[in-house]
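Scroll down for the structure; my scribbles are underneath it.
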Amino acid sequence: MIRSLRGMNDILSEDYERFTYFLQTASRIAQHYGHHYIETPLLEETALFKRSVGESSDIVGKEMYQFTDKGGNDVCLRPEGTAGVVRAFIQNKLDRKGGIHRFFYHGPMFRYERPQKGRLREFHQFGVESFGVSSVYEDAAMIMMVSDILNELGIGYRLQLNSLGCQECMPPYRKKLISFLQAAEEHICEDCIRRKSTNPIRVLDCKNGSCQEKYIDAPKLIDHLCENCAADFATLQKILKDNDIEFEIDTHLVRGLDYYSKTAFEFVSDNIGSQSAIAGGGRYDRLVEFLDGRATPAVGFAIGIERLLELIKMPEAGLEGYYMGAMDKEAIPTIIKTAQSKRHSDRVVVEYEPKGLKAHLKNADRIKARYCVVVGENELKENTLWVKDLQEKKELVIPADEFQEI
RNA sequence: GUGGGUGUAGCUCAGUUGGUUAGAGCACUAGUUUGUGGCACUGGGGGCCGUGGGUUCGAGACCCAUCAUCCACCCCA
């Protein structure tokens, strides 16, 4: 038997219902915030991700589905959505056009990781990006949008917030932290020593208890923000409070992608296993420049759809449409024809084998049909249809040519 | 990449210290009932016991390998 590749799942039946319900809800809300749909290719030049996500990240370092295509191009399946949208933004010269451009997207992402609960090799994200707005109000709008989406779906969460500083305050802080780590080098774990050169801020996040003890006195980024970053961070907190969004400051929150600056946030759930991040995002004011566009402030987020799936509270599904069946072989052509025209307006499922009334009613229940329509000996003779409303538990016999009207 | 758990029917799982023809519940199907659903009862179909090798008179069970899957670390959505 041929199976799907490790970490790549089919989405069907009940999961698919949830999946599309999520997309409908999230898309509608993003549109209410003024965003427009954008679709970018699944396959992009590898350099795009190296330059945006960053060579020091795990994603680029070891998780990309990278290969050489038949034309000799170094390409890979997208591991995240932002890079492609930024590329499209620049390629379509929207950076030169100026103004504000707001997008949302959804689709599969690919990372070559060891699968576990809430972590797949092919997974789906819903993402939102905003270009041309430097105001921290836009950062707040992103967070409120995620909050709206999760609330609408009945999903509980905790919001974690941090500021990563900008090109003015981050580099000096980084230096300070590195020298602190150098001094403590003998007392920290191997992972932290590695992180010191790749992504030093990550060490603050180390799970190792003895490392954590050492880091109590480590310099904190939040104390080293420049005037502008500190003011924006304070404003952001005020906006969220004014709008009844609860949050916690997490000074250890470091997004794993290199392009973030200033606002960083993560929505987490305590009910889905160790992969608890359900949405994450932040500001990336420098990324458009890094990818050869004209400097444009930007902010965005992404939601991991699979991680949400089991948390979504679905609206109760009612009975819908028609089930049609015959009790005699001779009546089959009649129901086929009746069903065919009814399908222009409703869902109709037809049983092709003649069966007893009881079996038909059972089938109708199974597919959650509102009406069960059966043609038997009597109906065939009198050119009528027997119709039972499974919800109201009422039945009636009507002339076949009046069926379209009910 | 590292560590641990699990692979028996469509699904959830039993299967004793190795011993005849591998079981249950749910689901499916037919009947009880030749025109009244969700219930009940009775019958029926379904299994290379993940795969390959080994030990043994004998392996679903023990050993080795391999594959798959799940969970955790790392990291992220």
Side-chain angles (χ1 to χ4, degrees), chain A residues 1-9 22 53 56-63 78-82 106-128 146 157 189-192 194-195 198-199 202 205-208 253-257 260 265-269 272-282 300-309 311 319 323 325-328 331 353-372 374-380 386-391 393-397:
Chain A
M1 181 177 60
I2 298 176
R3 305 178 46 95
S4 68
L5 264 22
R6 161 177 279 190
M8 301 201 177
N9 294 156
F22 167 81
V53 178
S56 72
S57 70
D58 279 18
I59 293 177
V60 169
K62 53 189 191 193
E63 296 174 1
R78 62 182 184 193
E80 58 96 48
T82 301
H106 52 79
M109 307 294 161
F110 302 85
R111 294 182 197 173
Y112 195 87
E113 300 181 84
R114 190 83 167 260
Q116 68 182 75
K117 190 174 177 65
R119 196 175 68 185
L120 298 164
R121 287 185 172 181
E122 180 185 20
F123 62 102
H124 294 77
Q125 285 188 338
F126 176 91
V128 165
V146 178
Y157 61 81
C189 70
E190 271 181 43
D191 282 340
C192 281
R194 176 177 52 79
R195 290 185 187 112
T198 56
N199 197 346
R202 274 240 102 83
D205 211 15
C206 182
K207 303 288 188 292
N208 190 318
L253 173 62
V254 187
R255 318 266 27 257
L257 291 64
Y260 285 107
F265 60 87
E266 206 163 277
F267 285 75
V268 299
S269 165
I272 52 171
S274 78
Q275 304 304 314
S276 59
I278 51 182
F301 70 80
I303 296 178
I305 303 180
E306 280 87 351
R307 288 188 184 172
L308 247 44
L309 237 41
L311 300 173
L319 301 180
Y323 167 91
M327 298 179 70
D328 297 291
E353 298 297 325
K355 284 182 195 301
L357 186 60
K358 181 178 182 143
H360 284 311
L361 284 162
K362 265 188 175 173
N363 285 346
D365 278 334
R366 197 183 343 234
I367 64 153
K368 298 196 162 77
R370 168 81 191 263
Y371 299 97
C372 179
V374 175
V375 177
E377 209 179 323
N378 304 341
E379 289 78 12
L380 199 57
W386 179 88
V387 181
K388 180 155 189 173
D389 181 336
L390 268 10
Q391 195 168 297
K393 304 180 198 303
K394 284 181 197 153
E395 57 186 81
L396 67 160
V397 175

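Treat the numbers as computed from the prediction; the structure is a model and nothing was measured. In what follows, chains carry the letters A, B, and so on, assigned in the order in which the sequence lines appear, proteins first and then strands, with residues in each chain numbered from 1.
If you check every strand for non-hydrogen atoms under 4.0 Å, A:Leu308 touches nothing. Within 4.0 Å of A:Ala279, counting heavy atoms only, lie sugar-phosphate atoms of the nucleic acid but no base atom. Nucleic acid contact for A:Gly118: base, since at least one base atom lies under 4.0 Å from a heavy atom of the residue. Within the nucleic acid shown, A:Gly356 has no heavy atom closer than 4.0 Å to any nucleic acid atom. Among the atoms of the strands shown, none is found under 4.0 Å from any heavy atom of A:Glu306. A:Leu120 comes within 4.0 angstrom of a base, heavy atoms only. Residue contacts for A:Glu113: at a heavy-atom cut-off of 4.0 Å it reaches a base atom on one of the strands shown. A:Glu379 comes within 4.0 angstrom of a nucleotide base, judged by non-hydrogen atoms across all strands.
Judged by distance alone, with hydrogens and angles left aside, A:Lys358 brings no side-chain donor or acceptor close enough to the base of B:G38 to form a pair under 3.5 Å. Judged by distance alone with a 3.5 Å cut-off, a donor-acceptor contact links the side chain of A:Glu395 to the base of B:U36. Side-chain atoms of A:Arg366 stay outside donor-acceptor range of the base of B:C28, with no qualifying N/O pair under 3.5 Å. With hydrogens and angles ignored, no donor-acceptor pair closer than 3.5 Å exists between the side chain of A:Asn363 and the base of B:G37.
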Is there a side chain to side chain contact (heavy atoms under 4.5 Å, CB included) between A:Phe22 and A:Ile303 once you walk through the steps? CA-CA 11 Å; A:Phe22 167 81; A:Ile303 296 178; 4.0 Å; yes
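Between A:Ser276 and A:Arg307 the shortest side-chain heavy-atom distance does not fall below 4.5 Å. Considering only heavy atoms from C-beta on, A:Ile272 stays 4.5 Å or farther from A:Leu308 through its side chain. At least one side-chain heavy atom of A:Leu361 sits less than 4.5 Å from a side-chain heavy atom of A:Lys388. Considering only heavy atoms from C-beta on, A:Leu120 stays 4.5 Å or farther from A:Met8 through its side chain. At least one side-chain heavy atom of A:Arg111 sits less than 4.5 Å from a side-chain heavy atom of A:Phe123. Proximity of A:Pro79 to A:Met109: side-chain heavy atoms (C-beta onward) are nowhere separated by under 4.5 Å.
Look at CD on A:Gln116: it is 7 Å from P on B:C71, rounded to the nearest Å. Note: CG (A:Asp58) to C1' (B:C76) measures 9 Å, nearest angstrom. The nearest whole Å value for the distance from the CG atom in A:Asn9 to the P atom in B:A68 is 14 Å. The CD-P distance, from A:Glu266 to B:A77, rounds to 7 Å in whole Å. In this structure, A:Ile367 places its CD1 atom 16 Å from P of B:G38, rounding to the nearest Å. A:His124 places its NE2 atom 17 Å from the C1' atom of B:C76, with the value rounded to the nearest Å. Note: CD1 (A:Ile278) to P (B:A77) measures 13 Å, nearest angstrom. Nucleotide B:A77 holds its P atom 21 Å from the OH atom of A:Tyr112, rounded to whole Å.
Atom name P, nucleotides B:G43 and B:G18: the rounded distance is 35 Å, in whole Å. When the P atom is compared between B:A14 and B:G7, the two are found 7 Å apart, to the nearest whole Å. For the P atoms, the distance from B:A65 to B:U6 is 16 Å, rounded to whole Å. Rounded to a whole angstrom, the distance from the P atom of B:A59 to that of B:U51 is 15 Å. For the P atoms, the distance linking B:A9 with B:C49 amounts to 9 Å, nearest Å. Across the P atoms, B:G44 and B:G5 are found 41 Å apart, a figure rounded to whole Å. Taking atom C1' in both B:A22 and B:U29, the straight-line distance is 23 Å, to the nearest Å.
Distance from the side chain of A:Glu63 is smallest for B:C75 among the nucleotides B:C75, B:C74, B:G37. When the nucleotides B:G35, B:A30, B:G38 are ranked by their closest atom to the side chain of A:Lys355, B:A30 comes out on top. When each of B:A72, B:G37, B:G35 is scored by its nearest atom to the side-chain atoms of A:Arg114, the top-ranked nucleotide is B:A72. Out of B:G38, B:C75, B:A72, the shortest distance to the side chain of A:Ser274 is found at B:A72. Comparing B:C75, B:G35, B:G37 by their closest approach to the side chain of A:Met327 singles out B:G35.
An OP1 or OP2 oxygen of B:C75 is reached within less than 4.0 angstrom by no side-chain nitrogen or oxygen of A:Ser57. Proximity of A:Gln125 to the phosphate of B:A77: no side-chain N or O atom is located under 4.0 Å from OP1 or OP2. In terms of phosphate contacts, A:Arg3 brings no side-chain nitrogen or oxygen within less than 4.0 Å of OP1 or OP2 of B:C67. Proximity of A:Arg6 to the phosphate of B:U69: a side-chain N or O atom is located under 4.0 Å from OP1 or OP2. Regarding contacts with the backbone of B:C74, every side-chain N or O of A:Arg111 stays at 4.0 angstrom or more from both OP1 and OP2.
In terms of heavy-atom proximity, A:Arg366 sits nearest to A:Asn363 at NH2-OD1, 2.9 Å. In terms of heavy atoms, A:Leu390 sits closest to A:Tyr371 at CD2-C, 4.3 Å.
Per the stacking criterion (ring centres < 5.5 Å, plane angle < 30°), A:Trp386 does not stack onto the base of B:G35.
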Its dot-bracket string being built from Watson-Crick and G-U pairs below 3.5 Å, with | for another strand and [ ] for crossing, RNA chain B has the pattern (((((((..((((.....[...)))).(((((.......))))).....(((((..]....))))))))))))....
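Checked by atom type and distance alone, the side chain of A:His360 pairs as donor or acceptor with a backbone atom of A:Ala326 at under 3.5 Å.
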